[in-house]
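Nothing here was measured: the structure is a model prediction, and the numbers come from that model. First the proteins, then the strands, lettered A, B, ... as listed; each starts at 1.
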Amino acid sequence: MSIIRVALDKPLNTLFDYLGPAGVTEQDIGCRVFVPFGKSRMTGVIMEVASYSDISPDKIKQAGQVFRDVPPLPPELLDLFRFCSEYYHHPLGEVVMNGLPIRLRGSQPFFIRTAPIVFQYRLTTKGRAVDISAIPGRSIAKRRLLVKLKESGMIEDGEAKQFSSRTSEAMKEFVGLQWVEEIPLAPPVVSTSPSQETSPLPVLTPAQKNAIDAIVPKMGEFHTWLLHGVTGSGKTEIYLQLISLLLRQARQTLVLVPEINLTPQLELIFRARFPGVRLVSLHSGLNPTERAEGWVQAQHGEAEIILGTRLAVFTPLPRLGMIIVDEEHDLSFKQQEGLRYSARDVAVFRAKRAGIPIVLGSATPSLETYYNAITGRYLLLRLPSRAPDNASLPTVQYIDIGKIKTQEGFSPPVIAALEKGLASNQQSLVFINRRGYAPILLCRACGWTALCHRCSSRLVVHLREKKLRCHHCGHQAEFPSLCPECGNQDIAPFGHGTQRIEAALTRLFPDARIARIDRDSTRRKDSWQRILKDIREQRVDILVGTQILAKGHDFPNLSLVSILNSDASLFSTDFRASERLFAQLMQVAGRAGRSGTPGEVLIQTRFPDHPLYRALYQHDYDALARILLEERKTAHFPPFVYQALLRAEAPAIATTLAFLAKAATLAKAPHQIKVFDPVPAQMARLKGMERAYLLVQSRSRKKLQEFLGNWRTKLDSLPSHKVRWTLDIDPLEF
DNA sequence: AGCACGCCGACT
DNA sequence: GTCGGCGTGCTC
């Protein structure tokens, strides 16, 4: 009699032992299994098969059906899950189930829809024991179905459907009651022709050639490569050539991209370059079935290129030869709820275990990655100039809005540059990282501002809808006509958002074709693709938008980028704000002047001499990185220390802080560990919850991990009524 | 996380 | 007497 240990999607730090169904062997490790749990039933994954259990025999229940519809998760993937569970101090069951496509988490078996799925229905032992009188006499269809099943023991889908129009409904009910087993007949897998490359290869720049020459001899080994190259320096071409090499060796490549609508674009490039190659793209735009299909194709080794967002790092890949993380600095690689993993870091671990190279690409690497590269942990490859024709980098100019007056957010030089662009039929981009009409609704008499009652944030004015909206919780409020505080009528929007800038541009340039691009204008499906098409086909003169514009898209006819106001991030309390602002501005600036025409970047600021702006002026990431690293070193911030947060939230801040204070007393920290005092989170109130955290840091990752392990067991036993808490390892947001 | 059990207050 | 509040404990 064998015991199976099952991972279940429960916030409990343990596996659950069950009596394995007859015939369960070690071969079934990694298979999904349907088991009773408490009063309900659920699907889990068999992590171990054993001959004994420490649980008292009377407690152990019998496991249900083992799903063998898809191959079991390979041991490497189970190892990856175990690593994540340990490193992120998160229950293994949740990690495992989080890694599966939603379609495979349920109690239904799954097959690729290459052909219509044919089901067989077989009466179970339980079903055979059911007496016909258990079904009410009026349910004729059900009665007849049961009789038929008892006669033949098994019927096929088609046959059952002919039987009566109510059959499929009745059958579902029988399956639910476990009288009947639903057995899908696997359709044959369609195989495609072997892959081959056709398009002629572009000429490489010397830097591209150097990079490829460096990586290729080490393709069979684990190395973390940082490919540091400005926008347009040709990182994609390097990815393509490396992938092409792996295709010839019949190995798979996993390409991770940020969570934006960028996947289709890269997919097009890959498909154009490798026609006939089986590429699977795994992103949030897919429905559960499509996602599971792609996942299964990857697992079978049929897909050769797997292109996906952070979740794709958990795809089973039997012939994995390389991992690429594009735009590795992007925040969307870190999941900000539940299992707070960094897909980039998990990918590095995965590559290490698999003994394969991983390439991190960025124009503005995260300081963590950059530090690893300059200290030799990672191998650094630079792509200094722009490909293809060495197009010159855009010129950057600053407009000191402390000295020059602006009207409606625009300084005269920016207006002049926009005019020039219109006159010469060139496109311009106006960047303002704030959607809505105005960020503040202000009473000029008493200073009252509209606040969200569920979050510690201001309500943003959305003029078109005549609403006030909270950008953090989605709460909407009506536009007051009087100040609720003092009754004055003199309340007005203050500050600028994309809608207001769009309105101002319409007044300034009545004949210009203006497109606003932000989350509000691209919310509807396909609207972003439509706007992109308009831009490409020259039906837009001026683009106004938020950071959506900054990411990855080429606008061939864009020559001017204006950045209206980004000073706020210069003096943020968040120690990563400068790094992010620089990355963002580099990206936006990089939109200007591709393919031949030199671009122009105008930045309105009160601090033109700030080191960040000076580095941007010289396109010198390294200069700024050195300054920021120096600051981080003296202030004992990452990457010179490792951090973890104990995050807690409760309806009342006192509850939250009391919990954290209690947690702090449990932290008998060794001397290499520093435990800070509990502090309210930056967004102290969010969706009606009061949030705070406790920061723990150490210069030794190992020591920090040891400490966290001990601490967590103590935290688990702490009574935590009303308080929800989680550990956030390597936090990015505070 | 759910969900049941269980022990004290205000109601038909 | 009972309905129901949520504090505590368990889930293989």
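- Taking atom CG of A:Leu12 as the reference point, atom C1' of B:dC3 lies 13 Å away to the nearest angstrom.
- Between A:Asp28 and A:Arg68 there is a salt bridge, with a side-chain nitrogen of the basic residue lying less than 4.0 Å from a carboxylate oxygen of the acidic one.
- Rounded to whole angstrom, the span from the CD1 atom of A:Ile46 across to the P atom of C:dC12 amounts to 16 Å.
- Looking at A:Glu293 and A:Phe110, their side chains come closer than 4.5 Å, going by heavy atoms from C-beta outward.
- A:Leu645 has its side chain out of reach of A:Leu727: every pair of non-hydrogen atoms, C-beta onward, lies at least 4.5 Å apart.
- A cation-pi arrangement is not found for A:Lys172 relative to A:Phe174, the charged atom failing to lie both closer than 6.0 Å to the ring centre and inside a 45° cone about the ring normal.
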Under 3.5 Å, N/O pairs linking protein and nucleotides 5-10 of chain C:
unit_1: C:dT8; atom_1: OP2; unit_2: A:His721; atom_2: ND1; d: 3.3

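- Using modelled atom types and a 3.5 Å distance limit, the side chains of A:Arg103 and A:Asn287 yield no donor-acceptor pair.
- Here B:dA1 presents its P atom at 17 Å from CZ of A:Arg105, a figure rounded to the nearest Å.
- Rounded to whole angstrom, the span from the CG atom of A:Asp716 across to the C1' atom of B:dA1 amounts to 13 Å.
- Annotation: cation-pi geometry not satisfied between A:Arg647 and A:Phe659 (NZ/CZ under 6.0 angstrom from ring centroid, within 45° of ring axis).
- Taking 4.0 angstrom as the limit, A:Lys61 places a side-chain polar atom (N or O) nearer than this to OP1 or OP2 of C:dC12.
- Separating the CD1 atom of A:Ile60 from the C1' atom of C:dT11 is a distance of 13 Å, rounded to the nearest angstrom.
- In this pair, A:Phe83 and A:Phe349 present their aromatic rings parallel. The plane angle is below 30°, not in the 30 to 60° band.
- Between A:Leu8 atom CG and C:dC12 atom P there is a gap of 9 Å when expressed in whole angstrom units.
- Remark: A:Arg353 engages A:Asp79 in a salt bridge, criterion side-chain N to carboxylate O under 4.0 Å.
- Between A:Phe575 and A:Phe637, the ring-plane angle classifies as parallel under the 30° and 60° cut-offs.
- Looking at heavy-atom distances under 4.0 Å, A:Ile55 makes contact with a base.
- With rounding to whole Å, A:His90 atom NE2 is found 10 Å from B:dA1 atom P.
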Could I get a table of every N or O pair under 3.5 Å where one atom is in the protein and the other is in nucleotides 6-9 of chain B?
none

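- Residues from residues 29-43 of chain A lying near DNA chain C, meaning a heavy-atom separation below 4.0 Å, are A:Pro36, A:Phe37, A:Gly38 in numerical order.
- Looking at A:Asp574 and A:Ser572, their side chains never bring a donor and an acceptor atom within 3.5 Å of each other.
- If you run side-chain contact (heavy atoms from CB on, under 4.5 Å) between A:Met47 and each of A:Ile29, A:Leu92, A:Leu73, only A:Leu92 comes through.
- To the nearest angstrom, C1' of B:dA1 lies 9 Å from CG of A:Asp9.
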